[in-house]
Amino acid sequence: MVDVALMVEGQSGLNWPRWQRLVETAEKLGFAALYRSDHLVAAQPPNEDALELFTSLTWLASTTRRLEFGSLVSPLTFRHPIHLAQTAAALDTLSAGRFTLGLGAGWSRREHEMYGFAMLEPMARLDRLEEGLQVITSLLRAEQPVSFSGQHFCLHDAVLLPRPLRPTSPPILLGGSGRKRSLPLAARFADQWNAMFVSPAQFAALNQHLDLLLVQQGRQPADLRRTVMQGVEVGRTQAQIDAKCEARAWAWWRTAGLFAGLAPSLRARLQEFEQAGADRVILQWLDLDDVDGLHLLADALL
């Protein structure tokens with residue numbers, strides 16, 4: 001059965017009052033999980049509040065009892081895999097296993113240039129991601145000290161203590177839809193996979209390709225949980241929803257699985273992604289102050 005989660009852009013005006021209100025609302029309404037992006041600044045001006053990711057997730061872990069949560073996704077460009085592994089293990093224990101570590105190659109050039117992080121070209125970024133995945137999964141899963149020598153990262157009998165709750169926790173989520181690198185990396189390293197802004201038909205095709213890759217890695221298709229992130233707009237009338245979509249220039253995403261409309265159309269879209277193989281639909285909630293909209297969304301889908 002597909003479940004419904006939320007995702008917010010932490011670099012787009014997120015601060016403590018907004019975050020605390022969103023977390024409390026998501027927990028109360030019954031959403032399965034709440035994810036956050038991991039960016040230092042918006043990809044385009046203007047600059048807005050950008051609440052630090054892992055500090056905010058630590059507060060969530062301490063003040064909720066049911067809600068799952070995670071990063072969607074943390075880049076291996078300005079997040080070091082050692083720190084990511086240590087943070088993931090700590091959040092796993094603090095939350096009694098509700099944390100998911102989402103990882104990606106990094107893409108927002110503006111934040112890298114602003115803060116002086118080397119971004120590298122696309123293939124080199126994916127090479128660094130692959131090394132980071134080897135380091136993180138080894139530290140989280142191996143019981144013995146870990147040594148690793150790569151182009152980007154190096155470990156010598158490295159240990160991670162205290163250990164995560166279980167040998168298989170926390171789950172690693174890998175984002176991306178590229179058939180040459182991203183999907184093979186997901187099949188090799190990930191416990192969960194996420195695609196963004198694809199149609200149900202595209203998602204089904206990617207799922208089928210992932211099944212083949214998993215078998216090639218000696219894994220079963222059921223070993224990898226499938227998630228998809230989509231845009232969403234809700235309102236009390238269709239005219240209100242259409243106006244929101246137009247103001248946000250959503251039109252080009254309508255064919256890519258946008259959740260926009262009244263309850264029947266939202267439920268129909270959810271069913272399409274469930275039939276395409278999604279275990280979880282993650283809805284990108286852009287209006288950080290629209291608590292009323294979250295109630296409408298929960299009434300329609302939960």
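Within 6.0 Å of atom NE2 in His295, more than 12 heavy atoms from other residues, nucleotides or ligands are found, so the atom counts as buried in its surroundings. No more than 12 heavy atoms of other residues, nucleotides or ligands sit less than 6.0 Å from atom CD of Gln86.
Listed for the Lys244 side chain is no donor-acceptor partner under 3.5 Å among the backbone atoms of Gly235. Side-chain N or O atoms of Trp193 include none that pairs as donor or acceptor with a backbone N or O of Ala195 at under 3.5 Å. In this structure a side-chain-to-backbone donor-acceptor pair under 3.5 Å is missing from Arg269 to Ala260. Distance alone, capped at 3.5 Å, places no donor-acceptor pair between the Arg66 side chain and the Lys28 backbone. Of the possible donor and acceptor atoms, none in the side chain of Gln275 sits under 3.5 Å from a partner among the backbone N and O of Glu272. With Arg125 contributing its side chain and Gly106 its backbone, the two residues share a donor-acceptor pair below 3.5 Å. A side-chain donor-acceptor contact under 3.5 Å links Ser37 to the backbone of Gly10.
Counting all heavy atoms, side chain and backbone alike, Gln11 lies closest to Ala42 at CG-CA, 3.7 Å. Pro164 approaches Pro170 most closely through the heavy-atom pair CB-CD, 4.2 Å. Shortest non-hydrogen contact noted between Ala89 and Leu160 is CB-CD2, 4.1 Å. Pairing each heavy atom of Glu274 with each of Val2, the nearest pair is OE2-N, 3.5 Å. Leu14 approaches Glu9 most closely through the heavy-atom pair CB-O, 4.4 Å. Counting all heavy atoms, side chain and backbone alike, Thr63 lies closest to Trp59 at OG1-O, 2.8 Å.
Leu206 contributes atom CG, which lies 5.0 Å from atom OG of Ser177 (distance to the nearest 0.5 angstrom). Residue Leu101 holds its CG atom at 7.5 Å from CG of Leu140, rounded to the nearest 0.5 Å. Atom-to-atom distance recorded for Leu60:CG and Thr64:OG1 is 4.0 Å, nearest 0.5 angstrom. Distance CD1/Ile136 to CG/Leu103: 4.5 Å, rounded to 0.5 Å. Taken to the nearest 0.5 Å, the OG atom of Ser71 stands 10.0 Å off from the CZ atom of Arg36. With values rounded to the nearest 0.5 angstrom, Phe31 atom CZ is found 15.0 Å from Met7 atom CE.
Here the two rings, on His80 and Phe153, have centers that are under 6.0 Å apart. Annotation: His112 is not in aromatic contact with Trp107 [ring centroid separation under 6.0 Å not met].
In this structure, a donor-acceptor pair under 3.5 Å is absent between the side chains of Tyr115 and Arg110. There is no side-chain donor-acceptor pair under 3.5 Å between Arg79 and Thr87. In summary, the side chains of Arg225 and Asn194 do not present any donor paired with an acceptor at a separation below 3.5 Å, with no hydrogens or angles considered. Between the side chains of His39 and Glu111, at least one donor N or O sits under 3.5 Å from an acceptor N or O.
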**Request:** Please lay out, stage by stage, how Arg65 and Glu27 fare under the test salt bridge (Lys or Arg N to Asp or Glu O under 4.0 Å).
**Result:** CA-CA 8 Å; Arg65 294 294 175 264; Glu27 170 97 340; over 6 Å; no

**Request:** Please assess Thr93 against Arg163 for the test side chain to side chain donor-acceptor pair (under 3.5 Å), listing each intermediate value before the final yes or no.
**Result:** CA-CA 9 Å; Thr93 302; Arg163 302 297 300 156; over 6 Å; no

**Request:** For the pair Arg219 and Asp211, evaluate salt bridge (Lys or Arg N to Asp or Glu O under 4.0 Å) and give the outcome as yes or no after the intermediate values.
**Result:** CA-CA 9 Å; Arg219 303 176 67 187; Asp211 288 346; over 6 Å; no

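A heavy-atom distance below 4.5 Å is found between the side chains of Leu283 and Val4. At least one side-chain heavy atom of Val8 sits less than 4.5 Å from a side-chain heavy atom of Leu288. Residues Gln284 and Val232 form no side-chain contact, since every pair of their non-hydrogen atoms from C-beta on lies 4.5 Å or further apart.
By the criterion of side-chain heavy atoms lying less than 4.5 angstrom apart, applied directly or through intervening Ile, Leu, Val, Met, Phe, Trp or Tyr residues, Leu214 is grouped together with Phe189 in one hydrophobic cluster.
Screening Thr55, Leu51, Asp49 for a side-chain contact (heavy atoms from CB on, under 4.5 Å) involving Trp19 leaves a single residue, Leu51.
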